[in-house]
2 protein chains.
Amino acid sequence: MEFKEAKNKFVQTWGALGSQWGINKTMAQIHALLMVSNEAVSMEDIMEELQISRGNASMNLRALMDWGIVYKEYKAGERREFFTAEKDLDELASKISRERSKREIKPALKILKEVSTIEAKDSAEEKHFVDQTTKLYDFVLKADNMLDKMTEFNENWLGKLVLKIMK
Amino acid sequence: MEFKEAKNKFVQTWGALGSQWGINKTMAQIHALLMVSNEAVSMEDIMEELQISRGNASMNLRALMDWGIVYKEYKAGERREFFTAEKDLDELASKISRERSKREIKPALKILKEVSTIEAKDSAEEKHFVDQTTKLYDFVLKADNMLDKMTEFNENWLGKLVLKIMK
DNA sequence: TTAAACTTTCAAAAATAAATGAAAGTTTAA
DNA sequence: TTAAACTTTCATTTATTTTTGAAAGTTTAA
C-alpha cells in the first residue's frame, strides 16, 4: 500500500467510526486529516482533499474548534488561516470525554435525578421504576467520573499498575 | 412529577442519549422501557406505549436481542412473546462494550494496523503519518482493552480501590 | 477609504437513516 | 390438516441529518 492510499483509507475509516459514535462523518474526516498532517492545513486544501464544500468545511472546522481538538494557526505573511489538530492522544481523549460529559451526560444525569426522585406510592411498578432509575443514576455518575479521571492516570504509575493487573 | 410523566421523560431522555451515541432512538427507547418495567412486556404494549409500528418494534427488538441486552420470555398459556431487558447494569455495560468492540473497534484496529505499517520512505510527511497512526493504534488498543476489562472489576476490591483513589 | 482575499451563515437541496404497513412467514391449538 | 394468532420482512414512505453554494460578513493591505 502506498502512502496516498493509506492516508485515504485512514481518513475514511476514521470518518466511518465517528459516525457510528454520533460524530458527523465530515467532522471526523477533517480531524483525521489534520491528525496525520505534519503541518497546518488550509481550508482550501481540506476542501480539495475531502471533496467537500466551503460551507461544510467551515462549519465542521468550527465545531472541531468548539470541541477544543482543532486549532487555528496563522502563518506570517499569509492571509489564509491554517488548521492543526490536537495530536497528543491522551489530551484528545480527555477533551472529547470532557465535552461529551458536559453536553450529553450531565444533562442526562439531571433528568435521571429528577425522575428517580418521584414519590413512589405503593405499587410494585412504581417502586421498581424508582429503584432502577436510582441505580442507573449512580451507575452513570460513576462511569462519568471514571472517564473523567481516567486520562489523569494514563502515564503514571497507578494507571500502569492497573493496566498490568488487568491484562 | 407523577409516575407516568417520569417514565415518559426517562424513555425520551434515554432515546435521545442513544441517538447521540449512534444507537437508534427507538432501539434506545424500547430498551429504556423494558429497563424500568418490573415485568416482561409484549410487543403490542411496546407499540402502544411508544406509538410505533409493528415492523419497527419487531426490528428493534431483534437488534436488542442481537446485542444480548434484551431477552424473549414465554409465559405459560400465552401465545404471545414477552420481552425483558438485562437489568444488571454492570452486565449491560459489559455486553454493550463487548459488542461495540467487536463490531466497530476491532475492524477499525485492523485498518489502523494496515495503514500504520506502510513503508515510510523518507519524506517527513510519510514518517509523521506512520508515527501518528502507530500511536493511534496503540492508544485505541489500550482503550479497548481497558473497557473490556473494566467491568470485571466493578464490584471487587480493586475496582473499589481504584475508584476511591480516583476521587 | 476600498477592494481584494478570505470566512461564515443559512435557506434550500441532497443524502442518509429510520419507520411504516401490508404481505409473507411461522407457530400452535383444535 | 387448517385457521387463528402471532411475528418477521422489506419495498416504499417519511423524518432527520448533512451538505451545498451563494450572499453576507470580516479582515487586511494598499
Side-chain angles (χ1 to χ4, degrees), chain A residues 11-34 40-67 70-84 100 103-104, chain B residues 11-34 40-67 70-84 100 103-104:
Chain A
V11 170
Q12 297 305 322
T13 304
W14 209 238
L17 199 62
S19 55
Q20 281 168 319
W21 286 81
I23 285 139
N24 105 35
K25 193 183 66 179
T26 304
M27 188 170 155
Q29 285 180 343
I30 294 177
H31 183 251
L33 185 62
L34 296 178
V41 184
S42 71
M43 201 158 95
E44 208 69 39
D45 288 347
I46 293 171
M47 289 164 57
E48 166 65 23
E49 198 143 0
L50 301 180
Q51 289 293 304
I52 57 173
S53 71
R54 190 170 295 287
N56 196 7
S58 174
M59 291 180 91
N60 283 302
L61 280 166
R62 152 62 44 131
L64 285 163
M65 288 187 294
D66 288 348
W67 278 63
V70 160
Y71 315 111
K72 249 185 201 168
E73 231 171 58
Y74 297 96
K75 286 193 184 175
E78 277 272 18
R79 183 69 164 278
R80 305 174 287 173
E81 299 169 340
F82 292 80
F83 301 89
T84 13
R100 295 210 94 154
R103 296 173 194 216
E104 297 151 18
Chain B
V11 169
Q12 296 305 323
T13 304
W14 210 238
L17 199 61
S19 54
Q20 280 168 320
W21 286 80
I23 286 140
N24 105 34
K25 195 183 64 180
T26 304
M27 189 169 154
Q29 286 181 342
I30 294 177
H31 183 249
L33 184 63
L34 295 179
V41 184
S42 71
M43 201 157 95
E44 207 69 39
D45 287 348
I46 292 171
M47 289 164 55
E48 166 65 24
E49 197 141 359
L50 301 180
Q51 289 292 304
I52 58 174
S53 70
R54 190 170 293 287
N56 197 8
S58 173
M59 290 180 91
N60 284 113
L61 279 167
R62 151 64 43 133
L64 285 163
M65 288 187 294
D66 288 348
W67 278 63
V70 160
Y71 314 111
K72 250 185 200 168
E73 231 172 57
Y74 297 96
K75 286 193 183 174
E78 277 273 15
R79 182 70 164 279
R80 305 173 288 173
E81 299 169 339
F82 292 81
F83 301 89
T84 12
R100 294 211 96 156
R103 295 174 195 216
E104 297 151 19

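Residue numbering restarts at 1 for every chain, and letters A, B, ... go by the order of the sequence lines.
Nearest heavy atom pair, residue A:Arg103 against residue A:Asp66, reads NH2-O, 3.8 Å. The two residues B:Leu50 and B:Leu33 have their closest heavy-atom pair at CG-CD2, 4.2 Å. For B:Arg100 against B:Trp21, the heavy-atom pair with the smallest separation is NH1-O, 2.8 Å. Nearest approach of B:Gly15 to B:Gln29, heavy atoms of both residues: CA-CG, 3.8 Å. Taking both residues in full, the closest heavy atoms of A:Phe82 and A:Ala40 are given as CB-CB, 3.5 Å, listed atom of the first, atom of the second, then distance. Closest approach of A:Ala57 and A:Met47 over heavy atoms only: CB-CG, 3.8 Å.
Taking a pair to require two hydrogen-bonding distances under 3.5 Å in either a Watson-Crick or a G-U wobble arrangement, D:dA15 pairs with C:dT16. Nucleotide C:dT2 forms a pair with D:dA29, judged by Watson-Crick or G-U wobble geometry with both contacts under 3.5 Å. Under the Watson-Crick and G-U wobble criteria, each requiring two contacts below 3.5 Å, nucleotide C:dA22 is paired to D:dT9.
A heavy-atom distance below 4.0 Å to DNA chain D is reached by these residues of residues 22-30 of chain A, ordered by number: A:Asn24, A:Thr26.
Residue-environment remark: CD (A:Glu78) exceeds the threshold of 12 foreign heavy atoms within 6.0 Å.
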Nucleotide-resolved protein contact map, nucleotides 3-11 of chain C, B/S/- at heavy-atom distance under 4.0 Å: -BBSBBBB-
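Rounded to an integer number of Å, the gap from B:Asn60 CG to D:dT9 P is 13 Å.
Along DNA chain D, the nucleotide nearest A:Ile52 and the nucleotide nearest B:Ser19 are compared for position; the residue whose nucleotide lies closer to the 5' end is B:Ser19.
To the nearest 0.5 Å, atoms CD1 (A:Ile52) and OG1 (A:Thr26) are separated by 5.5 Å.
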